[in-house]
Number of protein chains: 2
Amino acid sequence: MDSTDIAKIAGVSRSTVSRVINNYANVPEQTREKVMKVIKEYNYVPHASARSLVKKKSQTIGLFIIDVHEKMHPGIYNNTYFSPFTASVIDYANRKNYFVLTFSVYRYDELRKVLDIFREGRVDAGIFIGVKNGEESLQKIINEGYKIAIVDYEITGIETAKNALVINADNEGGAYKATTYLIKNGHKSIAHIAGDLKKLSGIQRINGYRRALQEAGLEYKDELIFYGDFDAESGYKAAKEIANISPMPTAVFAANDSMAMGAMEAFKEDGIKIPDDISIVGFDDIELASYVHPPLTTVRVFLHKMAMLATNRIVDLIDSGTTNCHHDIVAVELVERASVRALR
Amino acid sequence: MDSTDIAKIAGVSRSTVSRVINNYANVPEQTREKVMKVIKEYNYVPHASARSLVKKKSQTIGLFIIDVHEKMHPGIYNNTYFSPFTASVIDYANRKNYFVLTFSVYRYDELRKVLDIFREGRVDAGIFIGVKNGEESLQKIINEGYKIAIVDYEITGIETAKNALVINADNEGGAYKATTYLIKNGHKSIAHIAGDLKKLSGIQRINGYRRALQEAGLEYKDELIFYGDFDAESGYKAAKEIANISPMPTAVFAANDSMAMGAMEAFKEDGIKIPDDISIVGFDDIELASYVHPPLTTVRVFLHKMAMLATNRIVDLIDSGTTNCHHDIVAVELVERASVRALR
DNA sequence: TTGTAAGCGTTATCAC
DNA sequence: GTGATAACGCTTACAA
């Protein structure tokens, strides 16, 4: 059942069918109804490929979840972290009549294949999350002029990036808040479990920690920084080391909740009580954070809001063609739970 | 940069370029190399729409997450439950060179739009999860002959469904195991918080509960059945009612973990200790289950395995064209944690 | 207002 | 082996 058939049955030409389908102004109500009746009757829908071939528009946006881990447990993809982001992107895109093609990238070399997806014309734009800062394959995509929105990223070479926009959480501010919160609670020796410093959020969070210390007149000590990778296991390892410091720091600021939870587990194993013996603050406020014991004090990131911004902005970019290169910074908020103790 | 350009530069015809791209046998190594060189040099990739137009194949499968709730908190999509399923589908599909178009359906009437996605030729096949049993819109899709795999569903009218396959967890067996486990632990008065009985899993789980009771010679009592909808809130409400029964049942089998956790919260509020005062078993083994206190004893469903089966089966169906209508039942396993107490 | 015809970028058929 | 040529199903000038 294609437009030719519909045209024949309705007694008009293919062009007229097309005009009706596309809601052209210059078709009289009478013919419109006549054609619509046949369209409804035969459940005619224009073929997507034929349409995008001529319109040069696929009406779909690509969602690229980059989830690379040092050691990959093959077959186990537990990136529940991206779940609210993904769900929101799909929802907002669908609302604006866009389809979403989702990809998971588990190794950086797979990112090269992503470029071809754009070249094939399979997507009109892309949304990226989880990319390490300055990633070469991504820069290539930007340089070829494809429209993309990136979460947790910093675009270099701004003049070439007329079609790239960026959405970040206020990582620096959040880390500052978290650390300051610990300081206000009387903590003076605060360790930091840093995240993956190849990611913008990793860098910004350690910076916020540092600034809070400095502004409070506390010394930033290298031996209190533990380099993780945002995974729980690295938080666990860091905590094992922290437990061996004497005197032990009274508090830990972890760059995300997963590492905070890994650390909690390690402390628990060693008989170190939270928050009695050590306080801990995380970042992200993932679903689990409120379920662990004690419930984790953390910095809430509004991933769904970031998804909304990314999607709406990129759709605007496609639809309007404007090269209004945005950089959004989404506010975060400290959520106090029970993993921090006030000293003295 | 299209095939015409490549052809011109390489000094051959479009047909030859096509033959090279598609790895046809009858092109000599020399021309192949000559053409490939140009293709590489100009990063030529065939246009997806043009290709699927003529091949009548989009090389993408649709993933439809049906997530309808009675009362929808607008804008908040917390379906972390589907996350491992989604991630696995995408991964397995990508491995077999398929793309995945994902949709979330939050209201049943939106399901009608899904049919058009098939008609548009946007997807070669679809995978559905979360549909209520016998859903009309889905039956329509099946009847029009589209290739689909459904999770948690029962296909009626088997002769018309040559292209539909089904993947289910062993819900009945799992519920039987869970209930029997409680019985073996000395429980005789076991309440059941049923799930959404419009879903196959809801029905099968209550059936397994019933069979376990019967085989143990225990009476199935209507007043011990509480009708929920798989959401935490309904579990919470059920527990509030259970707490008022006297004598209170010594155990509860909830048809999923969310309801079990809702129930735990309610019991906690009422000062009812788990497992001291009441034992509880859930179903699914979602990530949270091991983090709540006490850690929840539950029945593990291998969603990623079901995703793998669904994806591989549907890809086979597309590629081979065979109408080998499968019905898989994926085994489940009881995971003992700390929410059940042995009586006496 | 409507129809004819060209074109979107491929692949498939058929000669040569 | 390779190159015309005709589809694939649609939109869009252009003509009428």
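Note that the structure is a prediction, hence the values are computed from the model and not measured. Letters A, B, ... are given to chains in the order of the sequence lines, protein chains preceding strands, and every chain is numbered from 1.
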* Hey, is B:D152 close enough to B:K199 for a salt bridge, meaning N to O under 4.0 Å? -> no
* If each of B:S13 and A:T16 is mapped to the nucleotide of DNA chain D with the nearest heavy atom, which maps nearer the 5' terminus, i.e. the 5' end? -> B:S13
* To do: Could you list the residues that satisfy salt bridge (Lys or Arg N to Asp or Glu O under 4.0 Å) with A:E41, not counting sequence neighbours?
  => none
* Structure fact -> Once base and sugar-phosphate atoms are separated, protein heavy atoms under 4.0 Å mark nucleotides 7-16 of chain C, 5' to 3', with B, S and - as BBBBBBB---
* For B:K57 and D:dG9, give me the distance from atom NZ to atom C1', rounded to whole Å. => 19 Å
* Asked: Is the backbone N or O of B:K198 less than 3.5 Å from a side-chain atom of B:N133, with the two atoms forming a donor-acceptor pair by type?
  -> no
* To do: Apply ring pair (Phe, Tyr, Trp, His ring centres under 6.0 Å) to A:F118 and list each qualifying residue two or more places apart in sequence or on a separate chain.
  => A:F64, A:Y146
* To do: Keeping the roles fixed (side chain from A:N168, backbone from A:D328), state whether a donor-acceptor pair exists under 3.5 Å.
  => no
* To the nearest angstrom, how far is B:R122 atom CZ from D:dC8 atom P? -> 21 Å
* Asked: Can a side chain N or O of A:T31 be found less than 4.0 Å away from OP1 or OP2 on C:dT1?
  -> no
* **Flag if over 12 foreign heavy atoms under 6.0 Å of NZ, B:K57** => yes
